[in-house]
Novice: 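Got a structure here, written out as structure tokens. Questions coming.
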Amino acid sequence: MMAAAKSVLRLEGVHRAYQEADHRLEILKGADFELKSGEMVALVAPSGAGKSTLLHLAGLLERPDSGEVYVSGTGCGTLSDGERTARRRNDIGFVYQFHHLLPEFSALENVMIPQMIRGLPKTQAAERAHQLLDYLRVGPRAEHRPAELSGGEQQRVAIARAVANAPLVLLADEPTGNLDPETSGYVFEALSALARQSGLAALVATHNHALAERMDRVVTLDDGHIVPYAG
């Protein structure tokens with residue numbers, strides 16, 4: 001009998017609002033959400049609904065006004081800034097619509113750097129970086145700098161970098177937004193295989209409904225709450 005999937009990310013009663021001049025803009029109003037190991041969840045919502053805010057809270061880049069964010073069962077509300085940074089570095093990977101690769105370093109070095117920051121020896125970091133780049137079909141471009149790569153290649157390097165430290169959770173904000181359909185499909189298949197093989201959990205904000213429908217489930221934001229997406 002297979003063991004039940006482990007909860008790796010949970011939001012409980014999360015509220016988040018911003019003050020704009022004399023107006024208080026409420027984005028999340030007691031949002032609840034759970035993501036389990038190996039699960040891929042699509043977040044589909046119109047612009048301005050709060051997708052980026054939700055990802056920032058889930059990734060410990062922002063603190064909720066109230067409620068709690070749990071990563072692998074640990075409540076993060078009372079963690080210090082340093083502890084939250086360590087949690088992000090070790091347990092959470094980020095991929096954005098724009099790759100944000102360091103332009104002065106090669107693809108290989110971009111994937112090695114987060115591992116070396118964590119303390120992995122250079123030789124081991126290089127070995128894992130090569131494995132990930134090969135897996136994502138950009139191994140032959142390992143020594144090229146970002147400016148020498150196509151958009152699809154840059155984004156696949158960014159994904160390799162995001163999972164280099166074997167995070168528990170991958171948070172992706174429109175990761176295929178700048179890619180052609182064929183490349184988008186391959187990037188999704190690669191992410192899906194990584195999730196299945198390693199237990200990586202992924203929350204992917206996307207406007208690509210075709211890709212969203214291929215994930216385990218689809219959620220949206222409705223009046224500050226996270227609810228199943230009805231299409």
Side-chain angles (χ1 to χ4, degrees), residues 5-20 24-39 41 43 50-102 105 109-122 124-125 128-129 132 158-175 194-195 198-205 219 221 224-226:
K6 176 185 175 184
S7 175
V8 293
L9 174 67
R10 191 167 85 252
L11 278 65
E12 283 190 2
V14 168
H15 288 255
R16 188 69 172 107
Y18 301 97
Q19 193 70 33
E20 291 189 351
R24 181 176 171 83
L25 183 63
E26 292 193 64
I27 305 297
L28 297 178
K29 305 175 184 178
D32 298 308
F33 176 72
E34 185 174 37
L35 185 65
K36 294 187 176 181
S37 175
E39 184 181 31
V41 176
L43 172 61
K51 295 191 301 296
S52 294
T53 296
L54 173 58
L55 292 174
H56 288 170
L57 291 166
L60 309 183
L61 294 170
E62 293 185 29
R63 294 180 186 265
D65 298 322
S66 61
E68 183 62 285
V69 177
Y70 296 88
V71 177
S72 193
T74 300
C76 298
T78 59
L79 298 181
S80 68
D81 289 343
E83 289 169 329
R84 288 165 67 88
T85 297
R87 178 71 66 167
R88 281 196 303 272
R89 183 171 60 239
N90 297 334
D91 294 340
I92 302 170
F94 297 91
V95 179
Y96 299 98
Q97 183 170 350
F98 187 71
H99 57 79
H100 294 297
L101 297 172
L102 298 173
F105 294 101
E109 290 166 336
N110 267 277
V111 182
M112 290 173 59
I113 287 170
Q115 300 178 73
M116 294 172 66
I117 289 173
R118 191 176 181 181
L120 203 67
K122 185 175 181 179
Q124 291 182 35
R128 176 160 172 79
L132 287 167
I159 290 169
R161 180 183 60 183
V163 301
N165 282 334
L168 299 171
V169 181
L170 180 71
L171 302 174
D173 195 354
E174 297 290 347
L194 281 170
S198 67
L200 175 71
L203 176 60
V204 183
V219 298
L221 288 160
H225 294 85
I226 304 166

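Source: prediction; values computed, not measured. Numbers here simply count residues along the sequence, with the first being 1.
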Novice: With the side chain counted from C-beta on, respond yes when Thr53 and Tyr18 share a heavy-atom pair under 4.5 Å apart, and no when they do not.
Specialist: yes
Novice: Only counting residues at least two apart or in another chain, list the ones meeting ring pair (Phe, Tyr, Trp, His ring centres under 6.0 Å) with His225.
Specialist: none
Novice: Would you find a donor on one side and an acceptor on the other, under 3.5 Å apart, between the side chain of Arg88 and the backbone of Leu60?
Specialist: yes
Novice: Minimum heavy-atom separation for Ala158 to Val95, with atom names?
Specialist: O-CG2, 4.3 Å
Novice: Residues in side chain to side chain contact (heavy atoms under 4.5 Å, CB included) with Ile113, at least two apart?
Specialist: Leu102, Phe105, Ile117
Novice: Is it true that a side-chain atom of Arg84 and a backbone atom of Glu62 form a donor plus acceptor pair closer than 3.5 Å?
Specialist: yes
Novice: Contact between Arg10 and Leu35 at the side-chain level, heavy atoms closer than 4.5 Å - yes or no?
Specialist: no
Novice: Measuring from atom CD of Glu34 to atom CD of Glu12, what distance do you get when rounded to the nearest 0.5 angstrom?
Specialist: 8.5 Å
Novice: Quick one: does any side-chain atom of Ser37 pair with a main-chain N or O of Lys6 as donor and acceptor, under 3.5 Å?
Specialist: no
Novice: Within the side chain of Asn110, is there an N or O that forms a donor-acceptor pair under 3.5 Å with the backbone of Arg161?
Specialist: no
Novice: Sequence neighbours excluded, which residues qualify as side chain to side chain donor-acceptor pair (under 3.5 Å) partners of Arg87?
Specialist: Thr74, Asp91
Novice: Compare every heavy atom of Pro114 with every heavy atom of Asn165, then report the nearest pair and how far apart it is.
Specialist: ND2-O, 3.2 Å
Novice: For residues Gly93 and Pro167, report the shortest heavy-atom separation together with the two atoms involved.
Specialist: N-CB, 3.7 Å
Novice: Would you check if the side chain of Arg63 reaches a backbone N or O of Gly77 as a donor-acceptor pair within less than 3.5 Å?
Specialist: yes
Novice: Check whether Gln124 reaches the backbone of Pro121 with its side chain - one donor and one acceptor, N or O, closer than 3.5 Å.
Specialist: no
Novice: Give the minimum heavy-atom separation between Cys76 and Glu68, together with the two atoms involved.
Specialist: N-OE1, 3.4 Å
Novice: Could you check if a side-chain atom of Ile226 sits within less than 4.5 angstrom of a side-chain atom of Leu221, using non-hydrogen atoms only?
Specialist: yes
Novice: If you measure from CG on Leu168 to CG on Leu170, what distance do you get to the nearest 0.5 Å?
Specialist: 11.5 Å
Novice: Hey, could you give me the NE2/CD1 distance between His15 and Ile27, rounded to the nearest 0.5 Å?
Specialist: 13.0 Å
Novice: What closest approach, in Å, do Arg128 and Ala164 show between heavy atoms, and which atom pair accounts for it?
Specialist: NE-O, 2.6 Å
Novice: Tell me, please, which residues at least two apart from Glu26 pass side chain to side chain donor-acceptor pair (under 3.5 Å).
Specialist: none
Novice: If you look at every heavy atom in Leu57 and Pro64, which pair is closest and at what distance?
Specialist: CD2-N, 3.4 Å
Novice: In Å, rounded to the nearest 0.5 Å, how long is the span from CD of Glu174 to CG of Leu43?
Specialist: 9.0 Å
Novice: For Lys29, does the NZ atom sit with more than 12 other heavy atoms under 6.0 Å from it, leaving out its own atoms?
Specialist: yes
Novice: side-chain contact (heavy atoms from CB on, under 4.5 Å), that's the test. Do Leu61 and Phe94 meet it? Break it down for me.
Specialist: CA-CA 11 Å; Leu61 294 170; Phe94 297 91; 3.8 Å; yes
Novice: Please list, chain by chain and in numerical order, all residues satisfying side chain to side chain donor-acceptor pair (under 3.5 Å) with Glu39, sequence neighbours excluded.
Specialist: Arg217
Novice: Just to verify, what does Asp65 make a side chain to side chain contact (heavy atoms under 4.5 Å, CB included) with, not counting sequence neighbours?
Specialist: Arg16, Ala17, Arg24
